[in-house]
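For reference, the structure is listed below as structure tokens.
Starting from 1, each residue takes its place in the sequence as its number.
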Amino acid sequence: MDNLKIQSFNPYSGRGNNGIIEQPIVELYNGKVHKNQMLNYVSGQYYMLKIVSDTPYEEISPLLMECGLDGIILQTTNISNVFNNSISNITRQLVNDLILLVIYLISICILIIYNCRIYFSLYKKNIAYKRLGGFGLWDIYKVSIMIQFFEGLLFWGLSFIFLLIKLF
């Protein structure tokens with residue numbers, strides 16, 4: 001199988017040859033290796049190497065040049081930097097989500113107060129007649145309670161849908 005060429009669909013491999021990988025090493029997945037390990041191996045993500053120097057790229061650059069990977073692997077990162085970046089991104093996203101939660105809670109409270117004010121101003125005579133007539137609290141306020149319940153249900157349902165859209 002001399003002069004074998006494979007078109008790569010990964011933008012990080014075969015960069016110098018317009019995505020064509022010459023003389024590739026082909027590994028077949030046989031099920032004995034864990035699927036995630038194999039996908040990590042195939043996808044070209046992070047590999048952990050034990051390097052004793054402070055400049056890991058200079059230490060592995062002769063090997064990269066020998067394999068012809070010096071044009072593809074342009075830098076190395078410490079795994080601690082990767083974890084620090086991941087943790088800071090997760091923390092930032094958590095803070096953003098907490099701010100949105102507070103905004104949602106404040107807006108639903110404002111919406112409930114506003115709707116109650118409108119309901120009481122529109123139906124004040126009806127409420128007074130029913131109170132004087134001896135009706136119970138549920139009989140008087142059931143329309144308002146049901147409206148508030150369905151508005152809250154709609155609000156939280158839409159929030160949940162937007163969260164699912166954001167996640168996927």
Side-chain angles (χ1 to χ4, degrees), residues 1-116 145-168:
M1 296 185 72
D2 293 331
N3 298 326
L4 181 65
K5 294 181 181 180
I6 293 180
Q7 177 70 38
S8 170
F9 297 102
N10 187 341
Y12 301 111
S13 58
R15 190 178 287 190
N17 296 337
N18 295 324
I20 296 174
I21 302 174
E22 298 178 4
Q23 298 296 328
I25 299 171
V26 178
E27 297 268 347
L28 298 177
Y29 177 64
N30 62 8
K32 293 181 182 176
V33 180
H34 192 268
K35 178 180 146 188
N36 290 336
Q37 290 173 337
M38 190 64 179
L39 289 174
N40 187 29
Y41 176 74
V42 171
S43 69
Q45 292 295 319
Y46 295 107
Y47 299 99
M48 291 192 281
L49 301 173
K50 185 175 183 179
I51 306 287
V52 293
S53 69
D54 291 336
T55 56
Y57 188 78
E58 290 178 8
E59 188 171 329
I60 64 169
S61 64
L63 181 62
L64 294 175
M65 285 184 197
E66 180 182 327
C67 296
L69 297 173
D70 56 333
I72 296 171
I73 301 174
L74 303 175
Q75 65 180 0
T76 59
T77 57
N78 291 331
I79 195 69
S80 62
N81 294 343
V82 173
F83 283 122
N84 288 340
N85 291 340
S86 296
I87 289 171
S88 67
N89 289 338
I90 290 170
T91 304
R92 190 176 325 117
Q93 186 63 36
L94 180 64
V95 168
N96 288 343
D97 290 344
L98 288 175
I99 290 170
L100 284 176
L101 175 69
V102 169
I103 291 171
Y104 283 156
L105 290 176
I106 290 171
S107 63
I108 193 84
C109 289
I110 291 171
L111 182 67
I112 288 171
I113 292 169
Y114 180 71
N115 285 336
C116 287
I145 292 171
M146 296 302 269
I147 289 172
Q148 299 301 324
F149 175 75
F150 286 121
E151 283 179 354
L153 190 65
L154 179 68
F155 183 80
W156 291 110
L158 289 174
S159 298
F160 183 70
I161 289 170
F162 289 135
L163 177 66
L164 289 178
I165 290 171
K166 184 180 174 184
L167 291 176
F168 300 108

### Query
If you measure only the distance, is there a donor-acceptor pair under 3.5 Å linking the side chains of Asp97 and Gln93?
yes
#### Entry: Nearest-0.5 Å distance, CG of residue Leu105 to CD1 of residue Ile110
11.0 Å
### Task
Count the heavy atoms of every other residue, nucleotide or ligand shown that sit under 6.0 Å from CD of Glu59, and state whether that count exceeds 12.
yes
### Query
Going from CG on Leu94 to CD1 on Ile99, what distance comes out if it is rounded to the nearest 0.5 angstrom?
10.0 Å
### Query
Atom CD1 in Ile60, atom CD in Glu66: separation rounded to 0.5 Å?
12.5 Å
#### Entry: Distance (rounded to the nearest 0.5 Å) between Leu111 CG and Ile106 CD1
13.5 Å
### Task
Starting at OH of Tyr104, measure out to CG of Leu100 and round the result to the nearest 0.5 Å.
5.5 Å
### Query
How many angstroms lie between CG in Leu158 and CG in Leu153, if you round to the nearest 0.5 Å?
9.5 Å
